[in-house]
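Values reported hereafter were calculated over all heavy atoms of this structure, with side chains retained and with hydrogens, waters and symmetry mates removed.
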Amino acid sequence: MTGLDPFGARLRRAMDERGPLCVGIDPHASLLAEWGLNDDVTGLESFSRTVVEAVAGRVAVLKPQSAFFERFGSRGIAVLEKTVQEARAAGALVVMDAKRGDIGSTMAAYAESFLHKDAPLFSDALTVSPYLGYGSLSPAVVMARETGTGLFVLALTSNPEGGEVQHAVRADGRTVGATVLGHLALENAGEEPLGSFGAVVGATLGDLSSYDLDMGGPILAPGIGAQGATAADLPAVFGRAVRNVVPNVSRGVLRHGPDVVALRDAAERFADEIRTAVTAA
């Protein structure tokens with residue numbers, strides 16, 4: 001056990017105190033170049049350190065995209081470890097965006113890599129894929145409950161290819177995406193003030209009134225900013241579940257780097273816009 005309160009409770013506090021915003025840490029090559037950094041480990045470290053310095057003490061959630069660190073091998077993973085540790089030390093919750101998904105002992109190993117209290121990459125939550133069957137995530141669910149961490153499960157993603165799987169209709173008449181949301185509702189049943197098992201649902205998807213998004217857990221919502229969605233769109237997309245939405249903004253904030261003050265100001269603007277939109281809903 002970690003002694004942590006459940007992730008959902010910690011996330012609710014962070015959202016209420018700091019505003020409902022997740023800032024992605026996505027050090028892809030083109031963004032490193034825009035910052036005047038080389039596409040190497042030194043550039044990766046400078047980029048990540050600057051983002052943490054600028055916003056980890058202000059925003060509710062930081063979400064490093066693991067792949068952009070993994071591409072540099074062991075030295076990149078070392079930078080990721082430091083980034084996670086420093087972000088959490090500054091008070092931000094860290095969602096590791098690794099989108100892991102497998103079965104049995106392999107899924108258990110993924111869970112141990114990111115959710116075990118002694119793991120070098122210990123994070124507050126992990127993104128996972130349920131498309132080997134929701135039940136394949138069981139080892140991660142069990143570990144999350146044991147360690148006070150959480151999961152964000154891919155449900156209705158913003159990429160256009162996702163629909164061929166997520167909107168497919170099962171024999172019982174429900175779509176695959178709706179089935180995932182139904183499983184999450186069961187995981188979160190009775191949890192207050194917020195469950196620890198969330199969904200990834202794109203903010204760019206428009207009318208989702210045919211889906212029950214109010215499943216008791218948080219909704220990680222990419223798409224605000226560079227992908228075209230705005231804070232004002234959130235109530236129409238998410239309906240009564242909007243208070244539990246954690247919009248993710250990456251490029252909309254990161255393009256203001258490497259200036260620390262400009263990064264911080266951009267994050268605070270997005271947080272204020274989102275808070276206003278959610279409060280008015």
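Taking the side chain as every heavy atom from C-beta outward, Leu62 and Cys22 never approach each other to under 4.5 Å. With contacts defined as side-chain heavy-atom distances shorter than 4.5 Å, the pair Thr147/Leu4 does not qualify. Under the 4.5 Å side-chain criterion, counting only non-hydrogen atoms from C-beta, Tyr131 is in contact with Val176. Within the 4.5 Å cutoff, the side chain of Ile224 has no heavy atoms near those of the Leu21 side chain. With a 4.5 Å cut-off on side-chain heavy atoms, Tyr134 and Val141 count as touching. No side-chain heavy atom of Val245 sits less than 4.5 Å from a side-chain heavy atom of Val278. Here the side chains of Thr149 and Lys117 are not in contact, with every heavy-atom distance at 4.5 Å or above. Residues Phe152 and Val95 have side chains in contact (heavy-atom distance under 4.5 Å, counting atoms from C-beta outward).
Annotation for Gly150 and Leu115: closest pair O-CD2, 4.1 Å, computed over non-hydrogen atoms. Looking at every heavy atom in both residues, Ala125 comes nearest to Phe7 through CB-CZ, 3.7 Å. Residue Ser158 comes nearest to Pro222 through the heavy atom pair OG-CG, 4.4 Å, listed as atom of the first residue, atom of the second, then distance. Asn188 approaches Ser196 most closely through the heavy-atom pair OD1-N, 3.3 Å.
With 3.5 Å as the limit, one finds no donor-acceptor pair spanning the side chains of Arg100 and Ser129.
Arg12 and Asp16 are joined by a salt bridge, as a carboxylate oxygen and a charged side-chain nitrogen come within less than 4.0 angstrom of each other. Salt-bridge formation is not detected for the pair Arg255/Glu34: no Lys NZ or Arg NE/NH1/NH2 atom is positioned less than 4.0 Å from an Asp or Glu carboxylate oxygen. Using a cut-off of 4.0 Å between Lys/Arg side-chain N and Asp/Glu carboxylate O, Arg269 and Asp272 are scored as not salt-bridged. A salt bridge links Lys82 with Glu45: at least one charged nitrogen is closer than 4.0 Å to a carboxylate oxygen.
Dense packing is recorded around CZ of Arg174, with more than 12 heavy atoms of other residues, nucleotides or ligands lying under 6.0 Å away. The environment of Ile103 atom CD1 is sparse: at most 12 non-hydrogen atoms of other residues, nucleotides or ligands sit within 6.0 angstrom.
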Salt bridge (Lys or Arg N to Asp or Glu O under 4.0 Å) evaluation trace for Arg243 with Asp214: CA-CA 10 Å; Arg243 186 173 177 269; Asp214 193 10; over 6 Å; no
Could you walk me through whether Asp5 and Arg10 pass salt bridge (Lys or Arg N to Asp or Glu O under 4.0 Å), step by step? CA-CA 6 Å; Asp5 288 341; Arg10 293 186 291 122; over 6 Å; no
Met107/Val128 under side chain to side chain contact (heavy atoms under 4.5 Å, CB included): CA gap, chis, key distance, verdict: CA-CA 10 Å; Met107 189 68 234; Val128 293; 4.3 Å; yes
Can Phe114 and Phe122 be said to form a side chain to side chain contact (heavy atoms under 4.5 Å, CB included), step by step? CA-CA 5 Å; Phe114 300 105; Phe122 177 71; over 6 Å; no
Pair Thr127, Met96 - check side chain to side chain contact (heavy atoms under 4.5 Å, CB included), show working. CA-CA 6 Å; Thr127 60; Met96 181 62 69; over 6 Å; no
Can you check side chain to side chain contact (heavy atoms under 4.5 Å, CB included) on Phe238 and Asn244, steps first, answer last? CA-CA 9 Å; Phe238 295 100; Asn244 296 332; over 6 Å; no
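Checking each of Val153, Leu137, Leu184 against Phe197 for a side chain to side chain contact (heavy atoms under 4.5 Å, CB included) leaves exactly one that passes, namely Leu184. Of the candidates Val242, Leu234, Val61, Ile219, Leu234 is the only one forming a side chain to side chain contact (heavy atoms under 4.5 Å, CB included) with Pro247.
Tracing side-chain contacts under 4.5 Å through hydrophobic residues (I, L, V, M, F, W, Y), one reaches Val165 starting from Val200; they form part of the same cluster.
Remark: the backbone N or O of Thr157 is paired with a side-chain donor or acceptor of Gln166 at under 3.5 angstrom. A donor-acceptor pair under 3.5 Å is formed between the side chain of Thr179 and the backbone N or O of Thr175. Looking only at distances, a side-chain donor or acceptor of Asp233 sits under 3.5 Å from a matching main-chain atom of Thr230. Checked by atom type and distance alone, the side chain of Ser48 never pairs as donor or acceptor with a backbone atom of Thr83 at under 3.5 Å. With hydrogens and angles ignored, the 3.5 Å screen pairs no side-chain donor or acceptor of Asp39 with any backbone N or O of Ala29. Here the side chain of Ser136 pairs a donor or acceptor atom with the backbone of Gly133 at under 3.5 angstrom. A donor-acceptor pair under 3.5 Å links the side-chain atoms of Asp207 to the main chain of Ser209, judged by distance alone. Not a single donor-acceptor pair under 3.5 Å links the side chain of Ser30 to the backbone N or O of His28. Of the possible donor and acceptor atoms, none in the side chain of Thr106 sits under 3.5 Å from a partner among the backbone N and O of Asp102. No donor-acceptor distance shorter than 3.5 angstrom exists from the side chain of Asp97 to the backbone of Lys63, with no hydrogens or angles considered.
Here Ser66 contributes atom OG and Arg71 contributes atom CZ; the two are 12.0 Å apart, rounded to the nearest 0.5 Å. Note that CG of Leu31 is 11.5 Å distant from CD1 of Ile25, once rounded to the nearest 0.5 Å. With rounding to the nearest 0.5 angstrom, the CG atom of Asn159 is 9.0 Å from the CG atom of Leu205.
Ring geometry, Tyr211 versus His167: the interplanar angle falls from 30° to 60°, so the pair is classed tilted.
Residue pairs that meet the salt bridge (charged side-chain N to carboxylate O under 4.0 Å, His left out) test with at least one member in residues 182-199, sequence neighbours left out, are Arg145-Glu187. Sorted by first and then second residue, the salt bridge (charged side-chain N to carboxylate O under 4.0 Å, His left out) pairs with a member in residues 17-32 form an empty list; sequence neighbours excluded.
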